[in-house]
Amino acid sequence: MSAPATLTDRTAGTVRSHTHLRRPTDRGERLARALMAHAGRAGCPILLTVSTVEPWSSVTFSGSVITLALAAAPGAALSAWLDALPEIDIPLGRDLVADIAAERIDGGWSLRVLLCLDAANG
């Protein structure tokens, strides 16, 4: 019988099984996908790209401030979605969107999001 497939790290000389390894999901990208899906369901197709992810913490929570560049066709659907944005509930598992704001910049929009990590344990 042969052994299960493994991945060898030659620099450290360790052997790890790659059958159960999964990369953690990038929270900025996951947030962007969730927001794009929400906007799409609202009839407002958008494209979001992660500009920055900065660490953030308070006495109670830790998380990130994520800045997203928004590209979308101007119109009533975009205006309505942006107006509703501060009140929408974005499902992100155990993470929580604590604050979200849209800002007009250089003929486009930027979203600034405060994401509390693992808020379900907070």
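For the numbers below, each heavy atom of this structure counts, side chains included, while hydrogens, waters and symmetry mates do not. For the single chain, residues carry numbers from 1 onward in sequence order.
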> Under the side chain to side chain donor-acceptor pair (under 3.5 Å) test, which residues partner Trp81, sequence neighbours left out?
Replying inline: His38
> Above 12 or not: heavy atoms from other molecules or residues under 6.0 Å from CD of Glu87?
Replying inline: no
Show which side-chain atoms of residues 66-79 pair as donor or acceptor with protein atoms under 3.5 Å away, not counting sequence neighbours.
| residue | atom | partner | partner atom | Å |
| --- | --- | --- | --- | --- |
| Thr67 | OG1 | Thr52 | OG1 | 3.1 |
| Thr67 | OG1 | Arg112 | NH1 | 3.4 |
| Ser79 | OG | Gly75 | O | 3.2 |

>> Restricting to non-hydrogen atoms, name the atom on Arg27 and the atom on Asp95 that form the minimum distance, rounded to 0.1 Å.
In response: NE-OD2, 2.8 Å
>> On a heavy-atom basis, which atom in Ala32 and which in Leu48 lie closest, and how many Å separate them?
In response: O-CD1, 3.9 Å
>> Could you measure the distance from the CG atom of Leu35 to the CD1 atom of Ile90? Nearest 0.5 Å is fine.
In response: 4.5 Å
Can I get a per-line list of side-chain donor-acceptor pairs under 3.5 Å for residues 96-107, giving both atom names and the distance, sequence neighbours left out?
| residue | atom | partner | partner atom | Å |
| --- | --- | --- | --- | --- |
| Arg104 | NH1 | Gly108 | O | 3.4 |

> What distance do Ile46 atom CD1 and Met36 atom CE have between them, rounded to the nearest 0.5 Å?
Replying inline: 7.0 Å
